[in-house]
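Would you mind keeping the following structure in view while I ask a few things?
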Amino acid sequence: MTDRKDMTLTSSGFYTSQEAPIHPSNPTPTPAAAPPDVLRCAYMEIVVTDLAASRVFYVDVLGLYVTEEDEDTIYLRSTEEFIHHNLVLRRGPIAGVAAFSYRVRTPEDLDRAVAFYTELGCEVRRNPEGFTKGIGDSVRVVDPLGFPYEFFHQTEHVERMSWRYDLHIPGELVRLDHFNQVTPDVPRAVKYMQDLGFRVTEDIQDEEGTVYAAWMRRKPTVHDTAMTGGDGPRMHHVCFATHEKHNILAICDKLGALRRSDAIERGPGRHGVSNAFYLYLRDPDGHRVEVYTQDYYTGDPDNPVVTWDVHDNQRRDWWGNPVVPSWYTDASLVLDLDGNPQPVVARTDSSEMAVTIGADGFSYTRPDEDDAMPEWKQGEYKLGHQL
């Protein structure tokens, strides 16, 4: 892991360095085959058990636009999107995630994806007609971490709704921003994603070098996906961006007015990691959805990596608010290419929840001061003290 002496401590309390030298003890092999050129996260396909209830949540409450729908499937997109969909809701017996889908630069990148994952020994399937409506030739794999990944280039174009102000709502979701994945071994996940062409933008570590989470990107924002340490493979959340903080506040007000405030799991607040304003919601099946705005540009080749101390209580919430335990423990199952739930493997490295809000955890705001956190606030960071 990165040695603190090789980092620069900033006035904001975190450290910076160049591309994070996170070294796994059990690395995935680096294929000789070139990886596909990934542009961005493009859509997620999730299985829901009550399609009508999910439609109310994603369409009537959150305002995503319906591209197509039938009795078993709904294809949704956000305001700025011109490809067929950003989210697929598919009816099924077990709630889970069927695909984390990325768009690639050229049709030839699908050949590269096949070669890359075949060399890794992964299960690889290719469908020239696509696995969902609106998407053409596609490759789906079970990656080395156990996640169902998809790569595609060809897609139907649909109307971008940015100019349809007559349809916009106060909480308008404008684009798909990122995924977040739960995996037991974060360094191993980081190394594999770096081989796939992703770069680390931020991470959370402790002084001993344990890595608790890492944020990785292809498009020039903080992330297209994040790897969060925990029992996995599971899906932590899918995130849609808004333009402004007030859009997130409007979503909270709408949920309150509809007497659906129980859907709010965490927030609103501002992250230390990513600097973004956030809100976490749970859909009718428990799938977690983040709404997010105002992170920062990361596209320069020498963009510094931000490292947070796991005991800094401002890393997850810049205002120092505690994280609810469910945020650490709950996540969605992911499915194999036949729709069966993937087995979940326990994390053996230290748990972020245990070291920060667990019985022996200690967080700080000003680490160099004795009793840096007021006594009246310390209990909020201990498991079992949340009310």
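Values reported hereafter were calculated over all heavy atoms of this structure, with side chains retained and with hydrogens, waters and symmetry mates removed.
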- Query: Would a distance-only check, ignoring hydrogens and angles, find a side-chain to backbone donor-acceptor pair under 3.5 Å from Thr183 to Val186?
  - Reply: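 Judged by distance alone, no pair lies under 3.5 Å.
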- To the nearest 0.5 angstrom, please state how far the CG atom of Asn180 sits from the CE atom of Met227.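 It comes to 9.0 Å.
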- Salt bridge Asp338-Arg125, side-chain N to carboxylate O under 4.0 Å: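 Yes, this pair counts.
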- Test item: Phe82 and Met161 side chains (from C-beta on) under 4.5 Å apart, heavy atoms: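 Not in contact.
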- Determine, using the 4.5 Å side-chain heavy-atom cutoff (strictly less than), whether Val66 and Val88 are members of one ILVMFWY cluster.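 No, Val66 and Val88 fall in different hydrophobic clusters.
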- So, Arg55 and Glu69, do they make that salt bridge, N to O below 4.0 Å?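 A salt bridge is present here (some side-chain N lies under 4.0 Å from a carboxylate O).
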- Message: Is there a continuous path of hydrophobic side-chain contacts, each under 4.5 Å between heavy atoms, that joins Ile264 to Phe240?
- Response: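 Yes; tracing contacts between hydrophobic side chains, which count when under 4.5 Å, links both residues.
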- To the nearest 0.5 Å, tell me how far Tyr192 OH sits from Met216 CE.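 Result: 10.5 Å between the selected atoms.
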- Identify the two heavy atoms, one from Leu110 and one from Arg126, that lie closest to each other, and give their separation to 0.1 Å.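 The pair with the smallest heavy-atom distance is CB-NH2, 3.5 Å.
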- If you measure from the Lys or Arg side-chain nitrogens to the Asp or Glu carboxylate oxygens, is any gap between Arg282 and Asp330 under 4.0 Å?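 Salt bridge: yes.
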- Message: Can you tell me how the ring of His237 sits relative to the ring of Tyr280, calling it parallel under 30°, perpendicular over 60° and tilted otherwise?
- Response: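 Aromatic pair His237/Tyr280 classed perpendicular.
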- Task: Would you check if there is a donor-acceptor pair between the side chains of Asn86 and Tyr75 at a distance under 3.5 Å?
- Result: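 Checked: Tyr75/Asn86 side chains show no N/O donor-acceptor pair below 3.5 Å.
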- Task: Write down the atom of Gly130, the atom of Ser138, and the distance for their closest heavy-atom approach.
- Result: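 Between these two residues, the closest heavy atoms are CA-OG, 3.9 Å.
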- Is the backbone N or O of Gly146 less than 3.5 Å from a side-chain atom of Gln342, with the two atoms forming a donor-acceptor pair by type?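 Such a contact is found between Gln342 side chain and Gly146 backbone.
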- Atom pair CZ (Arg288) and CG (Asp283), whose distance is rounded to the nearest 0.5 Å: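 Interatomic distance, Arg288 CZ to Asp283 CG, rounded to 0.5 Å: 10.5 Å.
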- Criterion side-chain contact (heavy atoms from CB on, under 4.5 Å) on Phe131 and Ile135, from CA distance to verdict: CA-CA 7 Å; Phe131 294 93; Ile135 302 296; over 6 Å; no
- Item | Glu45/Arg91 ion pair, N-O < 4.0 Å |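 Here Glu45 does not pair with Arg91 in a salt bridge, since their nearest N and O are not under 4.0 Å apart.
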- Task: Check whether the side chains of Lys191 and Thr30 place a donor and an acceptor atom closer than 3.5 Å, and report yes or no.
- Result: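 On atom types as modelled, these side chains qualify, holding a pair under 3.5 Å.
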- List the steps, then state whether side-chain contact (heavy atoms from CB on, under 4.5 Å) holds for Trp318 with His271. CA-CA 5 Å; Trp318 187 240; His271 284 308; over 6 Å; no
- Going through the distances and angles, do Val222 and Tyr296 end up as a side-chain contact (heavy atoms from CB on, under 4.5 Å)? CA-CA 6 Å; Val222 171; Tyr296 57 90; 3.5 Å; yes
- For Pro29 against Asp195, the heavy-atom pair lying closest together: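 Between these two residues, the closest heavy atoms are O-OD2, 3.9 Å.
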- Query: For Asp312 and Gly13, which heavy atoms make the closest approach, and how far apart are they?
  - Reply: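 Heavy-atom minimum between the residues: OD2-O, 4.2 Å.
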- Query: Do Leu335 and Phe147 share a hydrophobic cluster (ILVMFWY, side-chain heavy atoms under 4.5 Å, transitive)?
  - Reply: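 Not linked; separate clusters.
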- Given Trp215, Tyr102, Phe198, Tyr43, the one that forms ring-ring contact (aromatic ring centres under 6.0 Å, His included) with Phe179: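 Answer after filtering Trp215, Tyr102, Phe198, Tyr43: Tyr102.
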- Task: Check for a donor-acceptor pair, side chain of Asp300 on one end and backbone N or O of Asp302 on the other, with a separation under 3.5 Å.
- Result: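 Not confirmed, Asp300 side chain does not pair with Asp302 backbone.
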- Query: So, His223 versus Glu202: side-chain donor-acceptor pair below 3.5 Å or not?
  - Reply: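 On atom types as modelled, these side chains do not qualify, holding no pair under 3.5 Å.
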- Identify which one of Val142, Val139, Leu196 satisfies the side chain to side chain contact (heavy atoms under 4.5 Å, CB included) criterion when paired with Tyr117.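 Checked Val142, Val139, Leu196 against Tyr117; only one passes side chain to side chain contact (heavy atoms under 4.5 Å, CB included): Leu196.
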- Between the side chains of Thr298 and Asn303, does any donor sit under 3.5 Å from an acceptor?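 Short answer, no.
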- Might you point out which heavy atoms bring Ser78 and Leu176 nearest each other, and give the distance in Å?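 That would be OG-N, 3.7 Å.
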- Query: Can any side-chain N or O of Thr79 pair as donor or acceptor with the backbone N or O of Leu173 at less than 3.5 Å?
  - Reply: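 Checking the backbone N and O of Leu173 against the side chain of Thr79, a donor-acceptor pair under 3.5 Å is found.
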- Message: Grouping I, L, V, M, F, W and Y whenever their side-chain heavy atoms are under 4.5 Å apart, do Tyr212 and Val200 come out in a common cluster?
- Response: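 Yes, one cluster joins them.
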- Can a donor-acceptor pair be found between the side chains of Ser332 and His287 at a distance below 3.5 Å?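 Distance-only check passes for Ser332 and His287.
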- Check the side chains of Glu80 and Ser162 for a donor-acceptor pair under 3.5 angstrom, ignoring hydrogens and angles.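 Checked: Ser162/Glu80 side chains show no N/O donor-acceptor pair below 3.5 Å.
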- Query: Do Cys239 and Val289 come within less than 4.5 Å of each other through their side chains, counting heavy atoms only?
  - Reply: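 Heavy-atom side-chain distance check fails, nothing below 4.5 Å.
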- Query: Salt bridge between Asp37 and Arg112, side-chain N to carboxylate O under 4.0 Å?
  - Reply: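 Here Asp37 does not pair with Arg112 in a salt bridge, since their nearest N and O are not under 4.0 Å apart.
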- Message: Tell me if a side-chain donor or acceptor on Gln194 pairs with a main-chain N or O of Arg199 at a distance below 3.5 Å.
- Response: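 Absent.
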- Message: Could you report the tightest heavy-atom contact between Pro31 and Phe116, atom names first, then the distance?
- Response: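 Here Pro31 and Phe116 meet closest at CG-CE1, 3.5 Å.
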- Charged N to carboxylate O under 4.0 angstrom, Arg77 versus Glu159?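 No, no charged N to carboxylate O under 4.0 Å.
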- Between Val38 and Arg103, is a side-chain contact (heavy atoms from CB on, under 4.5 Å) present by the stated rule, with each step listed? CA-CA 6 Å; Val38 175; Arg103 195 171 192 201; over 6 Å; no
- Report yes or no: does Gln314 contribute a side-chain atom to a donor-acceptor pair with the main-chain N or O of Gly320 at less than 3.5 Å?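 Judged by distance alone, no pair lies under 3.5 Å.
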- With rounding to the nearest 0.5 Å, note down the distance linking CG in Leu279 to OG1 in Thr293.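 If we round to the nearest 0.5 Å, Leu279:CG and Thr293:OG1 are 12.0 Å apart.
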- Check whether any side-chain N or O of Thr10 sits under 3.5 Å from a backbone N or O of Ser12 as a donor-acceptor pair, and report yes or no.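 Checking the backbone N and O of Ser12 against the side chain of Thr10, a donor-acceptor pair under 3.5 Å is found.
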- Message: To the closest 0.5 Å, what do you measure between CG (Leu258) and CG (Asp60)?
- Response: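 Result: 9.5 Å between the selected atoms.
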- Does the pair Lys219/Asp224 count as a salt bridge with the N-to-O cut at 4.0 Å?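 Yes, this pair counts.
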- Item | Check: Arg218 side chain, Arg40 main-chain N or O, donor-acceptor pair, under 3.5 Å |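 Checked: no pair found.
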- Item | Name of the residue among Val211, Thr356, Thr210 meeting side chain to side chain contact (heavy atoms under 4.5 Å, CB included) with Val310 |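 The side chain to side chain contact (heavy atoms under 4.5 Å, CB included) with Val310 is passed solely by Thr356 among Val211, Thr356, Thr210.
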- Item | Carboxylate-amine/guanidinium proximity below 4.0 Å for Asp262 and Arg260 |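 Here Asp262 does not pair with Arg260 in a salt bridge, since their nearest N and O are not under 4.0 Å apart.
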- Item | Aromatic Trp327 / basic Arg266 pairing, under 6.0 angstrom, 45° off normal |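 Yes - Arg266 lies over the ring of Trp327, closer than 6.0 Å to its centre and within 45° of its axis.
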- Task: State the CG-CD distance between Leu281 and Glu265, to the nearest 0.5 angstrom.
- Result: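 One finds 9.0 Å between CG of Leu281 and CD of Glu265.
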- Message: Taking Val158 as the starting point, is it possible to reach Val174 by hopping between hydrophobic residues whose side chains are less than 4.5 Å apart?
- Response: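 Different clusters: Val174 never reaches Val158 through Ile, Leu, Val, Met, Phe, Trp or Tyr contacts under 4.5 Å.
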- Is it true that the side chains of Asp295 and Ser274 contain a donor and an acceptor less than 3.5 Å apart?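 No, Ser274 and Asp295 have no side-chain donor paired with an acceptor closer than 3.5 Å.
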- Task: Taking Asp231 for its side chain and Arg347 for its backbone only, find out whether a donor-acceptor pair lies under 3.5 Å.
- Result: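 Answer holds: yes.
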- Message: Please check: side-chain N/O of Thr307 versus main-chain N/O of Thr16, any donor-acceptor pairing under 3.5 Å?
- Response: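 No; zero donor-acceptor contacts below 3.5 Å.
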- Task: Please determine if Glu81 and Arg160 form a salt bridge, counting it only when a charged side-chain N lies under 4.0 Å from a carboxylate O.
- Result: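 No, this pair does not count.
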- Would you check if the distance from the ring center of Tyr292 to the ring center of Phe277 is below 6.0 Å?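 No.
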- Message: Looking at Asp203 and Arg315, is there a salt bridge between them, counting it only when a charged N and a carboxylate O are closer than 4.0 Å?
- Response: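 No, no charged N to carboxylate O under 4.0 Å.
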- Task: Would you kindly say whether His153 and Glu108 are connected by a side-chain donor-acceptor distance under 3.5 Å?
- Result: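 No donor-acceptor contact under 3.5 Å links the two side chains.
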